[in-house]
Amino acid sequence: MTEVIDGNAVAADIRESLTESIETLESEGVTPGLATVLMSDDPASETYVSMKQRDCEEVGIDGIHVEIDSDAPAEELYETIDDLNADPAVHGILVQMPLPDHVDERRVLRSVDPVKDVDGFHPENVGRLVAGDDRYRPCTPHGVQKLLEAYDIETEGANAVIVGRSNIVGKPLANLLLQKADDGNATVTVCHSRTEDLAEKTRAADILVAAAGRPEFIGGEMVGEGATVVDVGINRVDADTEKGYELVGDVDYDSVEATAGAITPVPGGVGPMTRAMLLYNTVKAAGLQTDVDVELP
Ligand code: GUN
């Protein structure tokens, strides 16, 4: 039987543990604060940011939301980040990506104070992660690790194949699974749009992570018997539904389910974990900035 990995349940457990960490902070007079910055008209980005704010409210994190017109001068965003960096009530800053073309994304990533960089995208945090001295693990890769751990899926010695080489998922996850650590020690292959004989490589995976951003790209013929399949994709495709679209992953679930040993659904797999790990990083950030010892799940 294929095991369906329940990201909602694992994320709920993590949120519950975080509520206790937040109580510890509160008892020391600290309320963790997360600022989200949206400079986009993309409906998906708007939805993600509002879900992140709702999560904050649920666990007792102060959510501060800043919206900037997508056609405003880039300076407005840079100044907003400077203000949030200087605000002691803000422990974490998340600038929702992607940004409009006229904004220098590299400048944005570099201008968030690395101690408040709960996305883990600042070059200092990227470097620390690669060196095995991570401060904030990027939320989606960390969420994938937590899902594997929750389901006792061993990474040590496993062939982990990641399809997708983005800075947000593929590259950091490859580095994390490679680390000499209980939740690492995998043999990692990163595949991408120029990879030759892709199916041959994906079929050899014990753990296959689909993070290509292409709807239903991974079919049953690309998955080895008994593999764990982790679907990071969230694609909106036109459909005859009330909203006019439906969400599908990067995995063709129906064709893969029979072969996989375990599989994450979309929705309800990696998505809720990404959101939970943002709360985790925010609680960690509040602890680091106030010298309060917080236990993290
Ligand atoms: N856009 C898509 N995923 C992410 C993420 O993890 N963080 C930010 N800031 N933007 C995103």
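Nothing here was measured: the structure is a model prediction, and the numbers come from that model. Counting starts at 1 for both ligands and their atoms, in listed order. The analysis underlying the following values was restricted to heavy atoms, covering all of them including side chains, and did not include hydrogens, waters or symmetry mates.
- When only non-hydrogen protein atoms are considered, atom 7 (N) of ligand 1 lies nearest to Asp119 OD1, 3.0 Å.
- Close approach of ligand 1 to Val95 (heavy-atom distance below 4.0 Å) involves ligand atoms 8 (C), 9 (N).
- Between Glu124 and Arg135 there is a salt bridge, with a side-chain nitrogen of the basic residue lying less than 4.0 Å from a carboxylate oxygen of the acidic one.
- Here the protein heavy atom with the shortest distance to atom 11 (C) of ligand 1 is Gln96 NE2, 3.6 Å.
- Using a 4.5 Å heavy-atom cutoff, the side chains of Leu18 and Tyr280 are in contact.
- Considering backbone and side-chain N/O of Met97, one or more are found under 3.5 Å from N/O of ligand 1.
- A side-chain donor-acceptor contact under 3.5 Å links Thr36 and Gln53.
- Contacts with ligand 1 closer than 4.0 Å are made by no heavy atom of Thr274, backbone or side chain.
- In this structure, atom 4 (C) of ligand 1 lies nearest to the protein heavy atom Ile168 CD1, 4.1 Å.
- A donor-acceptor contact closer than 3.5 angstrom is absent between the side chains of Glu295 and Thr24.
- For ligand 1, none of its N or O atoms has an N or O atom of Phe121 under 3.5 Å away.
- Listed by first then second residue, pairs satisfying salt bridge (charged side-chain N to carboxylate O under 4.0 Å, His left out) with a partner in residues 227-254 number zero, not counting sequence neighbours.
- One finds no salt bridge joining Arg128 and Asp134 here, because no Lys/Arg side-chain nitrogen approaches an Asp/Glu carboxylate oxygen to under 4.0 Å.
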